[in-house]
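A quick write-up on the structure given underneath.
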Amino acid sequence: MTELASRIRALPGMDALLGALPGLPPVYLVGGAVRDLLLGGPVGDPDIDLAVEGDGVLAARRLAARLDGEAVEHGRFGTATVRTGELAVDLASTRRERYGHPGALPEVEPAPLVEDLSRRDFTINAMAAPLSPAELGSLQDPHGGAADLRAGTVRILHQRSFIDDPTRLLRAARYAARLGFALEAETERLAREAAAAGALARVSGPRLRDALLGLLAEADCAAAVEHVAGLGLDRSMHPALSADPDRVASAALGAAQTGADRVLAALAALVMDEPVELREWLEYLALGRERTDRVARAADDAPRLAAALRRELRPSQLHRLLAAEPREALALALALGAPAEPILRYLADLSHVRLEVTGDDLVAAGIAPSPVIGRALQETLARKLDAEVSGREEELALALELAHRAGREAGGR
Ligand code: ATP
């Protein structure tokens, strides 16, 4: 058996899958799994891609029935996922794609495997390993992907590749960073040219978001951002965007310390120099209201937080400063040189401090429901954080005193 055949067989659930293929149209392992198996390392993406030279959805249904699993059909051209206990594979009918205008989604129609391979992004991702018993272990590699893997090269398949789909620019940066590869000279020239011509500004928000978040999710996101800056992809996404790999790396590190979302913290690091100008672009990425706000808040507030945290603060002041901030703002403040100690103290201790009394206790003690109650409780919490009161009785006495005083002051006005 060839080395490739034994690596394919060793994939979880693959033996059963191979046994369930007879009678189906030709099925091939494609995409990242082939690349990773040839590199000899683990397969990065646990969802394995299979190409079917025929009806992918029908093949998925029959495989699911034979393997006692389930097939989920996606409604997109001939694609379905088959899941069993130990296996998840995405099946797709082999197809050709035609691009109407740059950046648009392609028109799709069935085509033989070779054409399916020639619509792909890079030679290293454009190989197929047949899964039929007679051919297992052989490789279909019409674009020289195996040679590029050995040479450590990211190479596009044709001159118009980046124009047809500019998200490939970000994918190129991503693979170069992940694999430690270099862009082949002509690929690099075309990438710079497409970027300078504003290719990425023409991509729809959701597609740009997926490609950019994918890049920032790379383990070595700083290396990926270095390629982004080096190729001019940042300015191609938006003229005010200026990617700083060190800051992105520090933000990712800060995210690990603070429990922030690493990708959102890295995105905030990208936009923080021009948060006002880039706000609209952030909206364009269609991250959803909550995630957009977290990124925007982090980018807006981190410089102020970093400056404030350099001063000596009482626990109540620290709490007031950080309580309404998203974790990504704390991560970015760390990246900007804020001392870690107060941030970690806030996260570990202060953020969990709660009063033992509630507004209901004050109402039960005769305070009329009004905003006075909220303010009294807030001030009581501040004194508790500064260790000036402790225990339910002291809290209640202080909160009542503060509420009565506020009531008297309001009455006296
Ligand atoms: P990984 O998930 O490890 O990054 P992958 O190669 O599996 O690698 P996916 O994004 O899952 O990446 O894509 C699967 C395959 O689909 C790729 O290997 C590539 O052949 C093809 N592909 C994905 N995106 C594009 C694109 N924008 N243009 C052309 N081909 C693409």
Side-chain angles (χ1 to χ4, degrees), residues 8 11 28-52 56 74 76-81 88-99 102-108 111 113-129 139-146 148-149 154-181 187 190-191 194 199-200 202-204 206-221 223-224 227 233 263:
I8 291 174
L11 289 172
Y28 303 84
L29 188 65
V30 288
V34 179
R35 179 197 67 222
D36 294 344
L37 288 178
L38 288 173
L39 281 172
V43 173
D45 190 343
D47 281 3
I48 288 174
D49 290 323
L50 301 181
V52 182
H74 298 308
R76 291 193 302 278
F77 180 82
T79 57
T81 302
V89 288
D90 290 329
L91 286 91
S93 301
T94 51
R95 61 196 200 240
R96 71 172 68 92
E97 292 179 346
R98 265 198 270 270
Y99 288 86
L105 287 178
E107 285 169 33
V108 172
L113 176 77
V114 276
E115 288 196 52
D116 189 279
L117 294 180
S118 64
R119 74 177 170 82
R120 291 174 183 265
D121 48 5
F122 308 111
T123 62
I124 55 172
N125 287 343
M127 296 178 273
L139 190 67
Q140 301 249 4
D141 181 16
H143 302 284
D148 280 337
L149 270 186
V154 177
R155 183 197 306 264
I156 45 175
L157 305 191
H158 59 88
Q159 290 259 323
R160 285 188 52 83
S161 184
F162 290 131
I163 307 291
D164 284 346
D165 180 356
T167 65
R168 291 173 187 160
L169 292 163
L170 292 166
R171 291 176 65 85
R174 209 177 144 181
Y175 289 116
R178 186 193 306 171
L179 304 171
F181 281 18
T187 297
L190 290 166
L200 281 168
R202 287 192 290 272
V203 178
S204 77
R207 292 195 72 223
L208 186 60
R209 170 198 64 207
D210 291 347
L212 181 59
L213 296 194
L215 178 134
L216 294 175
E218 285 294 319
D220 193 348
C221 56
H227 286 288
L233 307 187
V263 170

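Both ligands and their constituent atoms are indexed starting at 1 by order of listing. This one's a predicted model, so the numbers in the text were calculated from it and none came from an experiment.
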Thr79: partners by side chain to side chain donor-acceptor pair (under 3.5 Å), with sequence neighbours left out: none
Under 3.5 Å side-chain donor-acceptor pair for His143 and Ser118: no
Before signing off on this row, confirm whether [X] and ligand 1 have an N or O atom pair separated by under 3.5 Å.
| X | answer |
| --- | --- |
| Gly32 | yes |
| Tyr175 | yes |
| Arg207 | no |

Measure [X] to ligand 1 on non-hydrogen atoms and call it side chain, backbone, both or neither using the 4.0 Å cut-off.
| X | result |
| --- | --- |
| Asp121 | both |
| Arg119 | backbone |
| Val30 | neither |

Protein contact to atom 4 (O) of ligand 1 [nearest heavy atom, distance to 0.1 Å]: Arg178 NH2, 2.7 Å
Shortest protein contact, atom 10 (O) of ligand 1 (heavy atom only): Arg171 NH1, 3.0 Å
Donor-acceptor contact present, side-chain Thr94 to main-chain Ala51, <3.5 Å: no
side-chain contact (heavy atoms from CB on, under 4.5 Å) partner of Val30, chosen from Ile48, Asn125, Asp49: Asp49
Can you list, pair by pair, the side-chain donor-acceptor contacts under 3.5 Å of residues 208-215, counting residues two or more places apart and other chains?
| from | atom 1 | to | atom 2 | distance (Å) |
| --- | --- | --- | --- | --- |
| Arg209 | NH1 | Ala286 | O | 2.5 |

Among Asn125, Asp49, Asp165, Val34, closest by any non-hydrogen atom to atom 27 (N) of ligand 1: Asp165
